[in-house]
Each structure stands twice: as C-alpha cells, then as structure tokens.
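Below: the structure, in structure tokens.
Residue numbering restarts at 1 for every chain, and letters A, B, ... go by the order of the sequence lines.
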Number of protein chains: 2
Amino acid sequence: MRIGELSRETGVAVPTIKYYVREKLLPAGRLTSPNQASYDDTHVRRLRLIRGLMDVGGLSVSAVREVLAAVDSPGPVHEVLGAAQDAITPPVTARPAGMEEARRAVLELLRRRGWCIEPAHPSVEAIAVALAAFRGFGHGEFEEVLDAYAAACERIAVADLAFVGRHAEVDGIVESVVIGTVLGDAVLTAMRRLAHMDASARRYGEEGREAGEGAREVSGGPDTPS
Amino acid sequence: MRIGELSRETGVAVPTIKYYVREKLLPAGRLTSPNQASYDDTHVRRLRLIRGLMDVGGLSVSAVREVLAAVDSPGPVHEVLGAAQDAITPPVTARPAGMEEARRAVLELLRRRGWCIEPAHPSVEAIAVALAAFRGFGHGEFEEVLDAYAAACERIAVADLAFVGRHAEVDGIVESVVIGTVLGDAVLTAMRRLAHMDASARRYGEEGREAGEGAREVSGGPDTPS
DNA sequence: AGTTATGGATAGTGGCGCTCTCTGCTATCT
DNA sequence: AGATAGCAGAGAGCGCCACTATCCATAACT
C-alpha cells in the first residue's frame, strides 16, 4: 500500500507519518521507484502502536522511540522488558527532601514482600520521590497504605502475566507486554478514579439523602478474585 | 517571609514563583509597601502542592490551576471531589474504532460490581478508549483482566478512604484527596512496574542461571495454555 | 551610602509535536 | 501526448508551554 492508504487506514495524517519516519519511529517504506514506496501491515501495526503509546499512554516521541528500539532489540526477554520499562517510565525530576528515609521504606517493603528487584530500579526511586513529597504536606504517612498497594499490584501482575502467557506468540511477547503496561496504566488509574468516586458517593454523597444502605458495601463487595 | 525566603524554603526559583502568581496558581503576597510583600506558610504549602502535582503527577499549569480552583471552591464534598478529579484527569484525545462496544463493556463491569458511577464519567470514557485501542493490536481482549483490575481498585480505594478518614481535618479533606489521588497514581504505576519486574524475573530471568527457588511461585513456569 | 532584594512587567528561550511548503519526480487517467 | 494526482525527501515554520532574563523604581539591610 502507498502512504495515502496507510494514512487512511490508521487515521494518521501523511505529513505526520513522514515525520515519524524522519524521527525513526517508523521504518521507511520499501522503495519501488525513486519516489514511490510501499508499506505493509507491519507499518499499520507499528503506527497503531505508536499512536497508542502517545495518545493513551501519553508518551513523548523520544520515549516512543526508545520503547520501540527496546521492542525491536534481540536479547534475553527479561532484559528487553527492563529496557522497555525504563523507556516507558518518565524520568523523575523532583528532588524533595527526605529521600533517604523514603527509599529505605520502599526497600523495606520489597524485602517484606519478597520481591526480587534490584534496589536501583527507577520505579523504586519514583515511589520514594512520591513518598518524600507526600511527607511535605503533613497529611500523614503514605507508608500506611503501601502494603495495600503492593498487595493489589501483586494480584494485578498475576493477572497481567497470565494474560500475556495466554495470548502472546513468542516473538510478540515484548510488544504485548509494552502495550499491556502502558494501556494497563491508563485503565488502572481511570478505574481507581471510578472506585474513588463510588466510595466517595457512598461516603459523602448522602448529604441530602439519608445515609443508609450501601454505605459499607465497599469493603465487603462482590469480590471476584482471579 | 519575603519571596526570597519562600524560594529557599520550597526550592522554587523566584521568577517561577512570580510566574505562578501571574498564572493564578498562587495568591499574591500581602503587600506591606508598594514593592514589598509578605508570604506565609499557606504559600509554602500551596507551592509544595503545585510542585507535587506538576513534578510527581505530571500535571500541566492549566490543569493545576483547575485543581486548585476546585480545592478552594466551597460546596458539597462529593461534588468538589468530582470537579477536582475532572481537573486531574487529562482529557482523552484518541478516537479509536469500536468505542461503543468498549463503552458497553465498561458499563457492564460497573453494573456487575455494583459501582455507583454516572455513565458519562470521563474515566469511563478513558477506560473504553484504552480497551478499544487494545483491540486494534490483536493481542487478545483486555476485558479478561478488567475484573482483576476492578477488584484491586476496590481494595485500594478502601485503603485510600481509610487513610483520608484517619488523617484529614474536615477543611483539608479535598486537598488531601487530591494529593492522594495524584501521588497515589504515581506510586501505583511504579509499584505495578516493580511487580511486573519481579514476576518477569521469576518467569524469564532464569535463562542463564539454573531455575531455582521461587521460579515457579508465580504461574508454574512455561505451561500457560491458551 | 551602597549593596542587595523586591514587585511588577515585558520579552525571550528552548523544547515539542506536528504542519506546511518546496522540488523533482512517477503513475495513471483521458 | 497531455493533464492530473500522488509521492519522497528535506527544511522551515507554527503554536503551545514552562519557564527565564532583563529592566526599572523602590525598599531593606549593614
């Protein structure tokens, strides 16, 4: 297919496709003549992946470039995944006070839960930054809920891994995990919002009506564990 | 205190503070003379909140402005929280195919779990967009893990609510929830990364070393039938 | 007295994600 | 054969954003 068709197929404007090719997000088409190139469905897939990462995951062009480089690189699956995650995760810029203590709390959590993580992992730092920032508000210690978050993440990770194991062909595993990570982030944060709204509606939304039924259904609700 | 001290206290450059005042993120100091103003710890708090939202939460200046407007506005707690969440949540731009079906799946999930959410909530749309985008990759249906995510979010919401209930004074509830939402997002996504890395290390990381203790604690090794 | 800090304002910076334009060509329709 | 449309490649430009730099007159400290 030619570039116009690729554009129609994916909803991405032609100049934008050219831009992505220039920026090394998308491989160039196969030249059939000095000014004709043909594209196939690998380009369609790649383009959809790019737009998914950018639009849903909010990644920048350069972050997408890194992710794709990791996806395409050969190597041990575990290391490729690590590289992809590093590319997905935006670098931490904030430098709040009290980082050492926060970092210690995170490492302690990892030890407590038996997670096998290298201590210098960027996400460890990210959590520590958030913890340290939180402390600057005097709204209590976030550490109190860390275990709940960790337990939730364990269940999520199990579901994610089972899902990937169910569906990914071997050569598509990394791409599958990347998509799942980025889109899963979006789903997870949005769903947390909904859970908050539901809880808030039950807790604070009764100001006109009587506070009654359902007010404590939250903690006992219809659990359907994986 | 004067602006220089405020700057030193918070680590925000003086011109940046002025910029925030111009942009209505921060109230101006109380003028003690035509070119002298004094700031107090409400400014320190507010400034830290701004930087937390921007640096850790990745919010834009205009989003922060909206959040702060919601935080400051009087009204029923539940509505204020809704406004704050709308401000926190970046608008969805992508328009993938298959939205109707995805939206139906989300609403079905809400019904199934008994969540009390208005169907037009932005986060519902956000989840639907992610679902629809996911389908464009042929990596299986994300709906399979939605329930696991929802169950995890219920637990998280319970922990969050309990935390807020434990610590927030009445007039600071909204601020507390906003901080918890934004920083909690950061913590949650980072922790999900760690859980993934842990699971991936157990599942794929044994390629050079012998598969030893812990290697089959996650899902039982390379079976995972489709 | 002199250095430094301040409020207020305007203009400028660098990065980002496109988008537009241009040139020279080719493919296809009539 | 001529007209029309599309394409490749490359560069310039645009609009937004979060700051940042500079300027000025005044006030504060030492």
Side-chain angles (χ1 to χ4, degrees), chain A residues 1-40 43 47 49-68 87 90-95, chain B residues 1-40 43 46-68 87 90-95:
Chain A
M1 73 176 67
R2 302 196 294 172
I3 202 173
E5 196 179 345
L6 179 61
S7 168
R8 250 167 282 123
E9 190 79 14
T10 58
V12 180
V14 169
T16 304
I17 295 176
K18 290 185 177 188
Y19 168 69
Y20 290 163
V21 172
R22 268 206 308 283
E23 294 295 322
K24 303 284 161 65
L25 300 190
L26 194 65
R30 189 176 47 84
L31 277 183
T32 60
S33 70
N35 66 333
Q36 287 290 303
S38 78
Y39 303 85
D40 53 29
H43 292 91
L47 207 37
L49 175 57
I50 293 170
R51 296 311 295 225
L53 294 178
M54 295 184 77
D55 292 344
V56 183
L59 269 64
S60 70
V61 166
S62 62
V64 171
R65 181 165 41 231
E66 284 177 57
V67 171
L68 295 177
V92 172
T93 58
R95 291 267 144 245
Chain B
M1 76 177 64
R2 302 196 296 167
I3 201 172
E5 195 179 344
L6 180 60
S7 167
R8 248 167 283 121
E9 189 80 14
T10 59
V12 180
V14 170
T16 304
I17 295 176
K18 292 184 177 184
Y19 168 69
Y20 289 164
V21 171
R22 267 200 315 281
E23 294 295 322
K24 304 283 162 64
L25 300 191
L26 195 66
R30 191 176 44 83
L31 277 182
T32 58
S33 69
N35 66 335
Q36 287 293 301
S38 77
Y39 303 84
D40 52 29
H43 293 92
R46 181 48 62 98
L47 208 37
R48 276 208 255 264
L49 174 57
I50 292 169
R51 296 310 295 222
L53 294 177
M54 296 185 78
D55 292 344
V56 184
L59 268 63
S60 69
V61 166
S62 63
V64 171
R65 181 163 43 228
E66 284 178 57
V67 172
L68 296 176
V92 172
T93 58
R95 291 266 145 244

Under 3.5 Å donor-acceptor pair, A:K18 side-chain atoms to D:dA8 base atoms: yes
Of the non-hydrogen atoms in [X] and [Y], which two are nearest, and what is the gap between them?
X: B:A94; Y: A:D55; result: CB-CB, 3.6 Å
X: B:L25; Y: B:L68; result: O-CD1, 3.3 Å
X: B:V12; Y: B:S7; result: O-OG, 2.6 Å
X: B:V14; Y: B:G4; result: CG2-CA, 4.4 Å

Report the distance from atom [atom1] of [X] to atom [atom2] of [N], rounded to the nearest whole Å.
X: A:L59; N: C:dC18; atom1: CG; atom2: P; result: 13 Å
X: B:R8; N: C:dT6; atom1: CZ; atom2: P; result: 7 Å
X: B:Y20; N: D:dC17; atom1: OH; atom2: C1'; result: 12 Å
X: B:R51; N: D:dC19; atom1: CZ; atom2: C1'; result: 10 Å
X: B:M54; N: D:dA18; atom1: CE; atom2: C1'; result: 7 Å
X: A:R22; N: D:dA12; atom1: CZ; atom2: C1'; result: 10 Å
X: B:L26; N: C:dG7; atom1: CG; atom2: P; result: 11 Å
X: A:K24; N: C:dG17; atom1: NZ; atom2: C1'; result: 18 Å

Side chains of B:M54 and B:V61 in contact at under 4.5 Å (non-hydrogen atoms): yes
If you check every side-chain atom of [X], which of [options] has the closest atom?
X: B:I3; options: C:dG8, C:dT6, D:dT20; answer: C:dT6
X: A:L31; options: D:dC19, D:dG9, C:dG17; answer: D:dG9
X: B:Y19; options: D:dA18, C:dT19, C:dG17; answer: D:dA18
X: B:T16; options: D:dT20, D:dA8, C:dG17; answer: D:dT20

For B:Y39, all residues meeting ring-ring contact (aromatic ring centres under 6.0 Å, His included), sequence neighbours excluded: B:H43
Annotated protein contacts, base or backbone, on nucleotides 23-30 of chain C with a non-hydrogen cut-off under 4.0 Å, one of B, S, - each: -BBSS---
Donor-acceptor under 3.5 Å (B:R65 side chain, B:E23 main chain): yes
